[in-house]
Amino acid sequence: MPFSIATWNINSVRLREPIVTRLLKAEKPDILCLQEIKCREDQFPLKGFAKLGYTHVAIHGQTGYHGVATLSRHPFAATERQGFCGKDDARHVAVTVDTKAGPLTIDNFYIPSGGDIPDPSENDKFAHKLSFLEEFTAWGAERANGAGRVAVGDFNIAPHPDDVWSHKQLLKVVSHTPVETDALNRAQEVGSWRDVVRDHLPVPEKVFTWWSYRARDWSASNRGRRLDHIWSDPATAGRSTGVRVLRDARDWPKPSDHVPVIATFDL
DNA sequence: ATGACGATCCCAGATCGA
């Protein structure tokens with residue numbers, strides 16, 4: 001059976017409920033993982049999504065910042081939310097659903113952005129990002145056990161040169177510095193994760209999922225980065241049938257600065 | 001590289017995003 005998983009940094013789910021609805025109607029993903037919902041669990045707009053069949057929702061929210069939520073057409077066999085770096089930040093939620101091919105766990109992450117200065121001794125946010133990546137690596141290594149597992153979200157790192165508009169000009173910009181890209185590539189290696197997006201859209205094709213709000217014309221300048229990712233265990237990756245980046249969503253009304261990424265599997 | 005933007009808190013501007 002085709003089984004699709006979408007990930008989208010929505011930058012406030014309350015403000016952008018209409019375009020989330022638009023995505024759900026147009027694409028009907030089995031699972032939608034949202035990041036930066038920017039609200040508490042009790043503020044999450046459940047009703048409209050339930051009307052479209054998304055009656056199963058796992059939320060890890062907080063006031064004002066961060067926050068992740070996973071919407072599903074299928075019931076959850078289990079849910080889990082994990083803290084990282086000893087903080088209360090709402091940056092992870094996991095759901096397990098039963099597919100024809102067996103149970104599948106989908107982990108939804110919002111990795112710290114890291115602030116402006118790419119030096120952990122000068123910038124606590126960058127230090128936090130690096131220690132989060134260390135814990136994320138260990139987390140992934142423990143889960144490299146052959147079970148069906150997909151890890152998605154806004155990782156806030158563009159790991160490869162073709163994941164940014166200019167490798168050279170971004171080498172000292174947080175999201176593409178060597179210390180970050182090395183850490184993410186190592187996390188991928190240690191956990192035996194497959195980069196499902198790049199499996200289907202291989203380098204050297206440029207693939208971006210985020211464009212700044214500050215550009216006069218985001219599409220014309222096209223200074224994007226690939227910050228949003230879909231990883232899976234090798235067996236699940238072997239069942240993946242396609243990936244799409246919904247670039248058009250960057251021009252939907254009141255857009256997020258990120259666009260949805262959707263992977264389809266035969267499960 | 002920075003930031004011409006845009007979000008949160010609840011009403012004013014500080015803080016965050018990347």
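Values below: every heavy atom of this structure, side chains too, minus hydrogens, waters and symmetry copies.
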>> Say we look at B/dC10 and B/dT15: how far apart would their C1' atoms be, to the nearest angstrom?
In response: 14 Å
> Who else is in the cluster with A/Leu171 when I, L, V, M, F, W and Y are joined by side-chain contacts under 4.5 Å?
Replying inline: none
>> Taking ring-ring contact (aromatic ring centres under 6.0 Å, His included) as the definition, give me every residue that meets it alongside A/His60, ordered by chain and number, with sequence neighbours left out.
In response: none
> Excluding sequence neighbours, so at least two apart, what forms ring-ring contact (aromatic ring centres under 6.0 Å, His included) with A/Phe155?
Replying inline: A/Phe136, A/His229, A/Trp231
> Mind checking the C1' distance from B/dA1 to B/dG13? Whole angstroms is fine.
Replying inline: 26 Å
> When the C1' atoms of B/dA18 and B/dA4 are considered, how many whole Å apart are they?
Replying inline: 16 Å
>> Test of understanding: with salt bridge (Lys or Arg N to Asp or Glu O under 4.0 Å), list the residues that count as partners of A/Asp217, not counting sequence neighbours.
In response: none
Give every donor-acceptor pair under 3.5 Å between a side-chain atom in residues 113-125 of chain A and any protein atom, sequence neighbours left out.
{"residue": "A/Asp119", "atom": "OD1", "partner": "A/Ser121", "partner atom": "N", "Å": "2.8"}
{"residue": "A/Asp119", "atom": "OD1", "partner": "A/Ser121", "partner atom": "OG", "Å": "2.8"}
{"residue": "A/Asp119", "atom": "OD2", "partner": "A/Ser121", "partner atom": "OG", "Å": "3.4"}
{"residue": "A/Asn123", "atom": "OD1", "partner": "A/Lys125", "partner atom": "N", "Å": "2.9"}
{"residue": "A/Asn123", "atom": "OD1", "partner": "A/Phe126", "partner atom": "N", "Å": "3.4"}
{"residue": "A/Asn123", "atom": "ND2", "partner": "A/Gly114", "partner atom": "O", "Å": "3.0"}
{"residue": "A/Asn123", "atom": "ND2", "partner": "A/Ile117", "partner atom": "O", "Å": "2.8"}

> Where does the angle between the aromatic ring planes of A/His92 and A/Phe109 fall among parallel (under 30°), tilted (30 to 60°) and perpendicular (over 60°)?
Replying inline: tilted
>> Base, sugar-phosphate or nothing for A/Asp116? Non-hydrogen atoms, less than 4.0 Å.
In response: base
> Base, sugar-phosphate alone, or nothing: which one does A/Tyr110 contact when heavy atoms must sit under 4.0 Å apart?
Replying inline: sugar-phosphate
>> Can you work out whether A/Ser212 or A/Asp154 has the more 5'-proximal nearest nucleotide on DNA chain B?
In response: A/Ser212
> How does the hydrophobic cluster around A/Val93 look, that is, which other residues are in it when side-chain heavy atoms under 4.5 Å mark a link?
Replying inline: A/Val68, A/Tyr110
>> Under 4.0 Å, counting only non-hydrogen atoms across every strand here, what does A/His176 touch: a base, just sugar-phosphate, or nothing?
In response: nothing
> So what does A/Lys125 hit on the nucleic acid, given a heavy-atom distance under 4.0 Å: a base, only sugar-phosphate, or nothing?
Replying inline: sugar-phosphate
>> Does anything in residues 215-229 of chain A come within less than 4.0 Å of DNA chain B? Heavy atoms only, and list the residues if so.
In response: A/Arg216, A/Arg223, A/Arg225, A/Leu227
> Can you list the residues that meet the ring-ring contact (aromatic ring centres under 6.0 Å, His included) rule with A/Phe132, with sequence neighbours excluded?
Replying inline: A/Phe84
> Under 4.0 Å between a side-chain N or O of A/Ser175 and OP1 or OP2 of B/dA18?
Replying inline: no
>> Measuring only the C1' atom in each nucleotide, how far is B/dA12 from B/dA7? A whole number of Å is fine.
In response: 15 Å
>> Check whether A/Tyr65 reaches the backbone of A/Asp89 with its side chain - one donor and one acceptor, N or O, closer than 3.5 Å.
In response: no
Identify all pairs in which a protein N or O lies below 3.5 Å from an N or O of nucleotides 6-9 of chain B, and state each distance.
{"residue": "B/dA7", "atom": "OP1", "partner": "A/Arg16", "partner atom": "NH1", "Å": "3.3"}
{"residue": "B/dA7", "atom": "OP1", "partner": "A/Arg16", "partner atom": "NH2", "Å": "3.3"}
{"residue": "B/dT8", "atom": "OP1", "partner": "A/Ser12", "partner atom": "OG", "Å": "3.0"}

